[in-house]
Engineer: 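Sharing a structure with you now.
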There are 2 protein chains.
Amino acid sequence: MRKTGRPTMIDVAADAGVSLKTVSRVINGEPSVDPGMAERVAASVQRLGYHRNALAASLRSGNRDTIGFIAADLSNTFYMAVAAAVSAVAARDRMHLVMTSSEEDADTERFLALDLCQRQVGGLIVVPTADDHAYLAREVELGTPVVFLDRPGSGIPADAILLDNTGGARAAVAELLAAGHRRIAVLLDRRGIFTMTQRWAGVEEAFAAAGRAPDPALVIDGLHTPAMARDAMQRLLDSGDAPTAVFCANNRVTIGALEAILTAGAEVAVAGFDDFELSRLLPRRIRIVDYDVSDLGTRAAETLLARAAVPATGSQTHLVPTRLVDRGGIH
Amino acid sequence: MRKTGRPTMIDVAADAGVSLKTVSRVINGEPSVDPGMAERVAASVQRLGYHRNALAASLRSGNRDTIGFIAADLSNTFYMAVAAAVSAVAARDRMHLVMTSSEEDADTERFLALDLCQRQVGGLIVVPTADDHAYLAREVELGTPVVFLDRPGSGIPADAILLDNTGGARAAVAELLAAGHRRIAVLLDRRGIFTMTQRWAGVEEAFAAAGRAPDPALVIDGLHTPAMARDAMQRLLDSGDAPTAVFCANNRVTIGALEAILTAGAEVAVAGFDDFELSRLLPRRIRIVDYDVSDLGTRAAETLLARAAVPATGSQTHLVPTRLVDRGGIH
DNA sequence: CTGAAAGCGCTAACAA
DNA sequence: TTGTTAGCGCTTTCAG
């Protein structure tokens, strides 16, 4: 029983009068064990309240049974939903999910990634914040699969699960144009963010396809919070020449813009990227670029587990499709 | 380098021409090491791409550096928000969070709890689904602290972090009564759920304080999804004698009820337990029993870490307060 | 089918 | 300040 107070296999073996290895066999359900012995061992396990030490088992066997997940921002429900999906897939394989967050800080990401590797995770799902992931090269080489999620990584061979950002934005804006809107505002979060770059590209493509171009006066970026988006929208509404439609590049922006529009009772058509809770209860009909959030997590986890089973054979990028849907319109 | 391909402290020691223990000292930043040696070791670490094996370290030292969290339902954003808060607190202490979910199944909860213990977690935060936690008695006795969250556990000495369910529900219903409402509907999720029992008690207290009692015809329980709540509310509205107010015992119920009410354009005052995303954007003013979700997680994590530091001295139950707030009313 | 011995990679205890 | 030895609790290897 030594220090920790927890009984070990040795204690069980002594109690049952068998060898250490026999206990190990019983605990791990290995086939060739005499039923009588198995019974004796089981009884001792019960009596002593034995629980195997999974750390020791992993150390010796080299089995890796946890997946590390590094989100970019835990206060964002998007990542939490992804984490939930990853956890569900992991559970199917009796793996556990260690959930962390870089809080959009590159150094934190790096620290966490290496920390998780030290804990011998079987794989890593990362929402990249750093723009160089060479620091993981060694681990990947040594057999720890890495999957990037939502944004691409760089510097190492790793799969990536991304949204069809460009296609989704293009479709939304194309529809506004097709509906005859000519003064279309575009509200963006920070341009440096990967998804923003891609969605903006989609916006430009839609305009180009219609033989037009976005009006620079109606394009506002750097809107990182709903409050900023609300104020920006407010200013557009207050300007002499308000837009007749607006495309919002993510849900925080959409929510902020809606706050301004609904409060002002303005007649502005709204299309936004990302669905959000309760969009269905909005008093106004809006168009949303929707996708299956958990699909991102599920695919990331499945890709990771597949890689863990069969070592690297060239990395792939999976695009998760989007679709335009109606929301709101109650009342 | 043996099997795994990963260099070990032995490799580093050999490369640097020092002893194993010296490497260990350098890696762990122990004070009394000659700077020159430290440098040599650091150089070897760099050259070999050495990373310490945290599993081996924990096995030997007995240090436990992860916290296990068993949510009841990962699709519920409430638990995800709690998990995020726990993760944030854990990160402060350089601990990691292993996130799992019982999916409201008692056997799964038990399995996960024991599995996490086998992985030598430093503590367990559990949203109880099982109604007897005696299976954890042994682990608690052996020094693994357990904190129950949102619902009380039983059978073992453990702290609990609960919401003031009764007080919140009482306040909400008291206000509806004070506003002169006499036909007040009460929509509940399944009665067996702890929070429902407590909130229902609050409802009864409020009625009793006003010298009245709830009208059984207007009390509907078992509403586990927004769709069920919507349909139930619909039936109430369609009945000859519709209520003038409704108290919804959780956010799913509130959302479902609102859907029916807004669609029908009915004049029904709404008060609900639990805030939800975008409640502010609702076209109607409603009253919400609000509380700080992350506070629950933060307190749970802090309580757990405190217990881990200073062994049991009688378990406590913490009540997280609620407050009535206004939501909606845009337009 | 069962057991003895070795050792996973590290840290604790003690010596030098 | 540095090194030696033992051993955390388990699985692997190989012999019986």
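Proteins get letters first, then strands, A, B, ... in listed order; numbering begins at 1 in each. Since the structure is predicted, the reported quantities are computational estimates derived from the model, not experimental observations.
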Engineer: Could you state the CD-P distance from A/Glu30 to C/dG3, rounded to the nearest angstrom?
Structural biologist: 13 Å
Engineer: CG of A/Asp65 versus C1' of D/dC10: gap in Å, rounded?
Structural biologist: 13 Å
Engineer: Hey, which sits more toward the 5' end of DNA chain D by its nearest nucleotide, A/Leu55 or A/Ser61?
Structural biologist: A/Leu55
Engineer: Please determine whether a side-chain nitrogen or oxygen atom of B/Ser24 lies at a distance below 4.0 Å from atom OP1 or OP2 of C/dC10.
Structural biologist: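 It does not, given that no N or O in the side chain of B/Ser24 lies less than 4.0 Å from OP1 or OP2 of C/dC10.
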Engineer: Look only at the side chain of B/Thr108 and the backbone of B/Glu104, and say whether a donor-acceptor pair between them is shorter than 3.5 Å.
Structural biologist: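 The answer is no, because no donor-acceptor pair under 3.5 Å joins these two groups.
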Engineer: Rounded off to whole Å, could you give me the NE2-to-P distance for the B/His51 and C/dC10 pair?
Structural biologist: 12 Å
Engineer: Would you mind checking if B/Glu139 and A/Arg6 are paired as a salt bridge, meaning a charged N to carboxylate O distance below 4.0 Å?
Structural biologist: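 Yes, this pair counts.
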Engineer: Tell me whether the OP1 or OP2 atom of D/dG3 has a side-chain N or O from B/Thr22 closer than 4.0 Å.
Structural biologist: yes
Engineer: Could you report the tightest heavy-atom contact between A/Gly68 and A/Leu97, atom names first, then the distance?
Structural biologist: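 Heavy atoms only, the tightest pair is C-CD2, 4.4 Å.
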Engineer: Would you find a donor on one side and an acceptor on the other, under 3.5 Å apart, between the side chain of B/Ser58 and the backbone of B/Ala54?
Structural biologist: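 Between the backbone of B/Ala54 and the side chain of B/Ser58 there is a qualifying donor-acceptor contact (under 3.5 Å).
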Engineer: Each nucleotide N or O in nucleotides 4-6 of chain C that has a protein N or O under 3.5 Å away: list the pair and distance.
Structural biologist:
none

Engineer: Whole angstroms only, please: what is the CZ-P distance between A/Arg52 and D/dC8?
Structural biologist: 18 Å
Engineer: With the threshold set at 4.0 Å, does a side-chain nitrogen-carboxylate oxygen contact exist between A/Arg151 and A/Glu109?
Structural biologist: no
Engineer: Given atom CZ of B/Arg64 and atom P of D/dG9, what is their separation to the nearest angstrom?
Structural biologist: 10 Å
Engineer: Report the end-to-end axis angle of the helix from C/dC1-D/dG16 to C/dA16-D/dT1; each axis comes from five terminal pairs, and the value is rounded to 10°.
Structural biologist: 30°
Engineer: Return the nearest nucleotide to the side chain of B/Asp34; candidates are C/dC10, D/dT1, D/dG9.
Structural biologist: D/dT1
Engineer: Would you call B/Arg119 and A/Asp65 a salt bridge, taking side-chain N to carboxylate O under 4.0 Å as the test?
Structural biologist: yes
Engineer: Any side-chain N or O of A/Asn53 under 4.0 Å from OP1/OP2 of D/dC8?
Structural biologist: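 Checking D/dC8 against A/Asn53, no side-chain N or O comes under 4.0 Å of OP1 or OP2.
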Engineer: Distance check needed: D/dA6 P versus B/Leu59 CG, whole Å only.
Structural biologist: 18 Å
Engineer: May I ask you to say whether A/Arg92 pairs ionically with A/Glu302, meaning some side-chain N is under 4.0 Å from a carboxylate O?
Structural biologist: yes
Engineer: State which residue, out of B/Val41, B/Asp34, B/Val12, fulfils the side chain to side chain contact (heavy atoms under 4.5 Å, CB included) condition with B/Val26.
Structural biologist: B/Val41
Engineer: Separation of B/Met37 atom CE from D/dG3 atom C1', in whole Å?
Structural biologist: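 Checked: the CE to C1' distance equals 10 Å.
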Engineer: Pairs under 3.5 angstrom only: tabulate donor-acceptor contacts from the side chains of residues 121-130 of chain B to other protein residues two or more places apart or in another chain.
Structural biologist:
{"residue": "B/Thr129", "atom": "OG1", "partner": "B/Ser102", "partner atom": "OG", "Å": "3.2"}

Engineer: Just how far, in rounded Å, is P of D/dT12 from CE of A/Met9?
Structural biologist: 11 Å
